[in-house]
Trainee: 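After the structure tokens below, expect a handful of questions from me.
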Amino acid sequence: MKKGWICAALALTLGAAAITGNIDMTASAASDEEVVTDCKAAYLMDDASGVTLFAREETKRLPIASMCKIMTLLLALEAADAGDLEYEEEITVSEHAAGMGGSQVFLGAGLSYRADDLLKSIAVCSANDSCVAIAERLSGSETAFCDRMNARAKELGAENTLFANCTGLPKDPQYSCAKDVALMLRALIGHEKYHEYAKVWLEDFHHPDGRVTQMTNTNKLIRQYNGCDGGKTGFTNEAGFCLATSAKRGDMRVIAVVIGASDSKTRFASAASLLNYAFDRFESSIYLTAGQAIEEHAAVRGSRVHEVALIPVRTLSVVKRRGTEESYTVSCEIQEAIAPIAAGDVLGEAVLYREGVEVMRSELVAQEAAPRFTWWDAYQEGARHWNIV
């Protein structure tokens, strides 16, 4: 490929003490009066940039109870995206899955349920039996599924996480930390299908044998907090009361995690305090959104397709304290490509600068394919230039 320099720049005034993707904000930035977190560990993160806004014991290894199900749901939705699971398919429930204790929807052994209904019951009412049914469907056994959970955690950068089951029921060794839970939830909320489940407050779960189990959302902030659009609760005697939740206002979405609160009321109050701190003190600006085409195109040689649209693989954004100002610029380097080009081929980079200093970057990939000229294509192209066609 021949490289050409095609640069596009966008400069906006934002903030002198802005927090960027390369600058980490820690608990020292907030006073006890600003954030009240009566729990063992807490973490607050900007979703778009991944920037830490508040942290307390965020890497301490602790039991997280049913917040393990965030990973169970993530793997299931990724399997559906890959075509390895159909939402409408029927899954037959094993004796092992039906025998799970704790929170459940009382699945009948030997009965078949739609995958979509099982996933919804996990997201809404933390159904342990549905978790195991999904795990067995995807990996053959819960043990094999846990291996996939641990591998995916490492891919996400969750360095202080070890899963022993897919439900979060007590089993040693099994642990995670507030920061790792936030990374997992960040990946999960990127799936639109998840939000269909997360917004359900009260719904009946219908069994093939005619029984009905009522599901109630365990995340009370869905109704009680303005902008809350997802999350997962957890509780065992060992873990205490836990919550990972997300909320969005305007262009800013944040993720809050609390582990080991003394009671349910405290976990919701602590999470709400974290969310309030984020929305009161910070604002987010997004320059390029992952998966959304930019204005510039890449020129293509050797194809009937003369240019292809480009999409960033990573969102370029900053989060800053309100009332601060600073200039940001996005610059795009785009290659002149030679066919054949496949959708997803890397054709350039976009770089976000703060006053000339690089903050973060993203590869730019082709949104569509540009096949190489066939003999007939080449003839028609030449004829067109000679005004024969």
Trainee: Identify, with sequence neighbours excluded, every residue that meets side-chain contact (heavy atoms from CB on, under 4.5 Å) alongside Thr315.
Mentor: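 If we apply the side-chain contact (heavy atoms from CB on, under 4.5 Å) test to Thr315, skipping adjacent residues, the hits are Ala48, Ile286, Thr289, Ala290, Ser317.
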
Trainee: In the structure I gave you, are the side-chain heavy atoms of Leu162 and Gln174 within less than 4.5 Å of one another anywhere?
Mentor: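 Contact flag for Leu162/Gln174 side chains = no.
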
Trainee: By the definition side chain to side chain donor-acceptor pair (under 3.5 Å), identify the one residue from Ser66, Ser246, Ser126 that meets it with Lys232.
Mentor: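 Exactly one option meets the side chain to side chain donor-acceptor pair (under 3.5 Å) with Lys232, and it is Ser126.
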
Trainee: Dump the intermediate steps for side-chain hydrogen bond (donor to acceptor under 3.5 Å, both in side chains) on Asn128 and Lys69, then the final yes or no.
Mentor: CA-CA 9 Å; Asn128 292 324; Lys69 295 182 176 82; 2.7 Å; yes

Trainee: Does a donor on one side chain and an acceptor on the other come within less than 3.5 Å for Tyr43 and Thr52?
Mentor: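 Yes - a donor-acceptor pair under 3.5 Å links their side chains.
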
Trainee: Starting from the C-alpha separation in whole Å, work towards a yes-or-no answer on side-chain hydrogen bond (donor to acceptor under 3.5 Å, both in side chains) for Glu136 and Ser94.
Mentor: CA-CA 9 Å; Glu136 291 176 340; Ser94 70; 2.7 Å; yes

Trainee: For atom CD of Glu88, is the number of surrounding heavy atoms from other residues, nucleotides or ligands below 6.0 Å larger than 12?
Mentor: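 Result for CD/Glu88: enclosed.
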
Trainee: Begin from the C-alpha positions of Thr266 and Asp263 and carry the test side-chain hydrogen bond (donor to acceptor under 3.5 Å, both in side chains) through to its verdict.
Mentor: CA-CA 5 Å; Thr266 299; Asp263 54 59; 2.7 Å; yes

Trainee: Taking atom CD of Glu89 as the centre, report whether more than 12 heavy atoms of other residues, nucleotides or ligands fall under 6.0 Å from it.
Mentor: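 Atom CD in Glu89 is packed in, count exceeds 12.
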
Trainee: Report the C-alpha separation of Tyr175 and Phe163 in whole Å, then their side-chain angles, then the decisive distance to 0.1 Å, and conclude whether the ring pair (Phe, Tyr, Trp, His ring centres under 6.0 Å) test is met.
Mentor: CA-CA 7 Å; Tyr175 54 80; Phe163 295 109; 9.2 Å; no

Trainee: With a 4.5 Å limit on heavy-atom distance, are the side chains of Asn217 and Leu202 in contact?
Mentor: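 Answer no - side chains too far apart.
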
Trainee: What ring-ring contact (aromatic ring centres under 6.0 Å, His included) pairs are there with at least one residue in residues 74-121, not counting sequence neighbours?
Mentor: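 Listed once each, the pairs are Tyr113-Phe205, Tyr113-His207.
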
Trainee: Would you name the heavy atoms of Ser130 and Ile122 that are closest together and state the gap between them?
Mentor: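 In terms of heavy atoms, the two residues are closest at CB-CG1, 3.7 Å.
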
Trainee: Looking at Glu155, I'd like to know if its CD atom is crowded, meaning that more than 12 non-hydrogen atoms belonging to other residues, nucleotides or ligands lie closer than 6.0 Å.
Mentor: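 Yes, CD of Glu155 has more than 12 neighbouring heavy atoms, counting only those of other groups under 6.0 Å.
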
Trainee: Would you call Ser176 and Asn160 a side-chain contact if the rule is heavy atoms closer than 4.5 Å?
Mentor: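 Answer no - side chains too far apart.
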
Trainee: Which pair of non-hydrogen atoms, one from Ala98 and one from Gln104, has the smallest distance, and what is that distance?
Mentor: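 Closest heavy-atom pair between Ala98 and Gln104: O-OE1, 4.2 Å.
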
Trainee: CE of Met71 to OG1 of Thr161: how many Å apart, nearest 0.5 Å?
Mentor: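 That separation rounds to 7.5 Å.
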
Trainee: Is it possible for you to check whether Arg249 lies under 6.0 Å from the centre of the six-membered ring of Phe279, through NZ or CZ, and within 45° of that ring's axis?
Mentor: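 Geometry flag: set, cation within 6.0 Å and 45°.
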
Trainee: For Asp229, is there an ion pair with Lys248 - N to carboxylate O distance below 4.0 angstrom?
Mentor: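 Salt bridge: no.
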
Trainee: Under 4.0 Å between a side-chain nitrogen and a carboxylate oxygen: does that hold for Glu283 and Lys320?
Mentor: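 Counted as a salt bridge, because a side-chain N and a carboxylate O are separated by less than 4.0 Å.
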
Trainee: Salt bridge (Lys or Arg N to Asp or Glu O under 4.0 Å) between Lys179 and Glu159: does it pass, once the steps are laid out?
Mentor: CA-CA 9 Å; Lys179 183 176 182 179; Glu159 300 175 353; over 6 Å; no

Trainee: Step by step, work out the side-chain hydrogen bond (donor to acceptor under 3.5 Å, both in side chains) result for Arg267 and Ser264.
Mentor: CA-CA 5 Å; Arg267 72 173 161 193; Ser264 185; 3.3 Å; yes

Trainee: Does a donor on one side chain sit under 3.5 Å from an acceptor on the other, for His191 and Asp81?
Mentor: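 Yes, side-chain donor-acceptor contact under 3.5 Å.
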
Trainee: In the structure I gave you, are the side-chain heavy atoms of Val132 and Cys166 within less than 4.5 Å of one another anywhere?
Mentor: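 Contact flag for Val132/Cys166 side chains = yes.
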
Trainee: Going from CZ on Arg301 to CD1 on Ile338, what distance comes out if it is rounded to the nearest 0.5 angstrom?
Mentor: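 Those atoms lie 5.0 Å apart.
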
